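Basis for what follows: all heavy atoms, side chains included, without hydrogens, waters or symmetry-related copies. Owing to the predicted nature of the structure, the values given are computational and were not obtained by experimental measurement. Nothing fancy with the numbering, it's 1 onward along the sequence.
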Amino acid sequence: ENVGGIEGLIKGNGKEEKIKEHSNYLKSLELSFNEDLSDFYWEHSGMLNIQTKRGCCYNCIYCSYPIIDGRKVRTLDTDLIVDTLARLNRDKGINYVFFTDSVFNIHNSYNVELAEKIIKSGVKINWGAYFSPHNLTDELLELFRRSGLKHIEFGTESLCTEQMHRYGKNFSFEDVLLNSERCLKHNIFYAHFLILGGLGESESTLRETMENSKKIRFSVFFPYIGMRIYPGTPLHRIAIDMGVVSESDTLLEPTYYIEKGFDLELCRKLAEETGKAWIFPDDPLFGQLDYMRTTKKKKGLIWEYLRKP
């Protein structure tokens with residue numbers, strides 16, 4: 001058939017390319033849960049997931065979200081979200097959700113609207129999300145807490161400002177420390193997820209991360225070693241230029257960038273010496289978390305039990 005009428009389609013015409021412009025856009029999306037799937041997730045993970053927005057405007061060198069979701073932030077209808085939360089709570093007894101946005105606190109005017117509507121609805125539900133450890137205020141966190149915010153997973157990646165900036169982050173350790181303390185003030189559990197051994201990591205930057213972790217109270221640190229290389233990211237180009245991967249590598253098989261000379265055993269030793277709660281991916285504590293979830297039927301957050309002063 002003639003495909004020329006499809007909006008947004010780019011059609012080659014000799015040496016020219018013709019684009020049929022969009023005239024209609026989706027104003028909203030349907031939000032619904034398959035009954036069987038929602039029961040399964042509630043039983044096995046202790047929470048359900050909702051994505052309130054898509055698109056990421058940040059510039060982390062390793063991240064594929066801007067490529068997959070685009071850089072323009074698009075938001076889901078807040079009334080639709082609140083109605084869904086109320087229905088899940090009323091019909092299923094589900095009282096914990098995780099907002100799976102790549103970074104929740106990108107679009108705070110929208111987040112304020114969502115939080116205020118959750119409060120106004122009267123639905124009693126707890127929620128968590130991925131946050132960036134900046135672009136927050138006491139007022140925002142107080143509002144989010146009243147709407148049910150129970151825990152934050154910070155995508156911090158390093159506790160050394162030099163390394164954060166090398167990773168493409170637009171915040172500093174001072175921001176991390178400030179917003180960690182704000183979470184404590186508002187009774188919000190929080191954890192920091194880190195990438196150790198990534199681009200430019202040295203023993204000096206690693207030691208600074210470990211030393212700075214001592215200043216963060218009542219947190220859990222989840223470190224991952226190295227950065228997965230995703231096609232089209234700035235890290236991908238860096239890895240090609242450095243000869244880590246080739247231009248022709250599809251990267252379908254997971255491929256990681258780990259800084260030369262990174263000493264995993266030293267990393268573990270330094271982490272243990274901090275006296276803080278460091279949970280590496282192969283830590284037996286991960287098994288205990290699974291036990292709490294599957295055997296003890298614990299809902300919602302679990303890692304709050306692992307925190308140390």
Side-chain angles (χ1 to χ4, degrees), residues 25-33 38 41-42 45-58 65 69-156 170-171 175-176 178-192 218-219 299-301 304:
Y25 291 86
L26 287 172
K27 299 300 182 184
S28 186
L29 300 174
E30 181 184 357
L31 178 58
S32 61
F33 284 90
S38 61
Y41 274 98
W42 180 240
S45 71
M47 61 184 77
L48 287 192
N49 301 321
I50 296 176
Q51 190 172 21
T52 76
K53 63 183 76 69
R54 288 181 181 170
C56 184
C57 54
Y58 294 139
Y65 279 122
D69 286 347
R71 292 190 168 275
K72 182 178 179 181
V73 178
R74 292 95 64 207
T75 55
L76 194 60
D77 185 276
T78 51
D79 290 325
L80 196 60
I81 295 171
V82 174
D83 289 347
T84 301
L85 294 176
R87 187 172 66 254
L88 289 172
N89 187 247
R90 180 185 65 247
D91 298 344
K92 295 281 190 179
I94 292 169
N95 62 0
Y96 213 120
V97 297
F98 191 86
F99 293 135
T100 61
D101 313 5
S102 56
V103 180
F104 182 79
N105 56 317
I106 282 181
H107 194 327
N108 279 328
S109 59
Y110 169 85
N111 297 332
V112 166
E113 177 185 320
L114 176 60
E116 289 177 341
K117 286 184 177 181
I118 292 174
I119 294 168
K120 185 177 180 180
S121 75
V123 62
K124 300 301 180 185
I125 198 157
N126 292 317
W127 59 274
Y130 302 118
F131 276 67
S132 174
H134 83 301
N135 196 29
L136 288 169
T137 64
D138 276 309
E139 292 74 20
L140 275 174
L141 287 173
E142 189 273 335
L143 175 66
F144 294 162
R145 183 70 188 93
R146 285 195 291 119
S147 74
L149 175 58
K150 188 73 176 289
H151 84 275
I152 285 176
E153 299 185 2
F154 282 121
T156 311
N170 59 347
F171 49 80
D175 296 312
V176 173
L178 172 63
N179 287 298
S180 297
E181 287 293 317
R182 282 173 169 161
C183 286
L184 285 178
K185 176 181 177 181
H186 296 285
N187 196 29
I188 299 166
F189 295 118
Y190 66 99
H192 290 283
F218 293 101
S219 184
K299 301 300 184 185
L301 190 59
E304 78 270 28

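- Atoms CG and CG, from L149 and N187 in turn, are 10.5 Å apart once rounded to the nearest 0.5 Å.
- The two atoms that bring Y110 and L76 nearest to each other are OH-O, 2.6 Å, heavy atoms only.
- A salt bridge between D69 and R54 is absent, with no side-chain N of the basic residue lying under 4.0 Å from a carboxylate O of the acidic one.
- Residues F104 and W127 bring their aromatic ring centres within 6.0 Å.
- Atoms CG and CG, on L31 and L80 in that order, are 5.0 Å from each other to the nearest 0.5 Å.
- With sequence neighbours excluded, the residues that form a salt bridge (charged side-chain N to carboxylate O under 4.0 Å, His left out) with D79 are K117.
- Contact between F171 and G155 at its shortest, heavy atoms only, is CZ-O, 3.9 Å.
- Closest heavy-atom contact between I106 and C57: CG2-SG, 4.2 Å.
- Taking NE2 of H151 as the reference point, atom CE of M47 lies at 5.0 Å (rounded to 0.5 Å).
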For this session: Check step by step if side-chain contact (heavy atoms from CB on, under 4.5 Å) holds for L85 and I50.
Result: CA-CA 9 Å; L85 294 176; I50 296 176; 3.8 Å; yes
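- Residues K53 and F99 fail the side-chain proximity criterion, which asks for heavy atoms closer than 4.5 Å.
- Here the closest non-hydrogen pair linking I118 and S147 is CG2-O, 3.3 Å.
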List the atom pairs, with distances to 0.1 Å, where a side-chain N or O of residues 128-135 and a protein N or O form a donor-acceptor pair under 3.5 Å, not counting sequence neighbours.
| residue | atom | partner | partner atom | Å |
| --- | --- | --- | --- | --- |
| S132 | OG | H134 | ND1 | 2.7 |
| N135 | ND2 | N105 | O | 2.7 |

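- To the nearest 0.5 Å, atoms SG (C56) and NZ (K72) are separated by 15.5 Å.
- Salt bridge absent: K185 and E181 never bring a charged side-chain N and a carboxylate O closer than 4.0 Å.
- F218 meets the side-chain contact (heavy atoms from CB on, under 4.5 Å) test with L184, R307, P309; sequence neighbours excluded.
- Legend: residues meeting side-chain contact (heavy atoms from CB on, under 4.5 Å) with L178, ordered by chain and number and at least two apart, are R182.
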Exercise. Going through the checks in order, is the side-chain contact (heavy atoms from CB on, under 4.5 Å) test met by C183 and N179?
Worked result: CA-CA 6 Å; C183 286; N179 287 298; 5.7 Å; no
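- For the residue pair G55 and S102, the shortest heavy atom distance occurs at O-OG, 4.1 Å.
- Atom OH of Y41 is surrounded by 12 or fewer heavy atoms from other residues, nucleotides or ligands within 6.0 Å.
- Counting only distance, with no hydrogens or angles, the side chain of R87 and the backbone of V82 share no donor-acceptor pair below 3.5 Å.
- Put simply, OG1 on T75 and CG on L114 are 10.0 Å apart, with the number rounded to the nearest 0.5 Å.
- Across all their heavy atoms, Y96 and G300 have their closest contact at CD1-CA, 3.3 Å.
- In this structure, K124 contributes its side chain and N95 its backbone to no donor-acceptor pair below 3.5 Å.
- Within the 3.5 Å criterion, the main-chain N or O of T52 finds a donor-acceptor partner in the side chain of D101.
- Atom CZ of F144 is separated from atom CD of E139 by 11.5 Å, given to the nearest 0.5 angstrom.
- Using a 4.5 Å cut-off on side-chain heavy atoms (C-beta onward), F33 and K92 make no contact.
- R146 places no side-chain N or O within 3.5 Å of a backbone atom of I119 that could act as its donor or acceptor partner.
- Taking the ring pair (Phe, Tyr, Trp, His ring centres under 6.0 Å) definition, one finds that Y65 meets it with nothing, sequence neighbours left out.
- Evaluation of the ring pair (Phe, Tyr, Trp, His ring centres under 6.0 Å) rule for F154 yields H192 as partners, not counting sequence neighbours.
- Put simply, the side chain of N111 gets close to the backbone of H107: a donor and an acceptor are under 3.5 Å apart.
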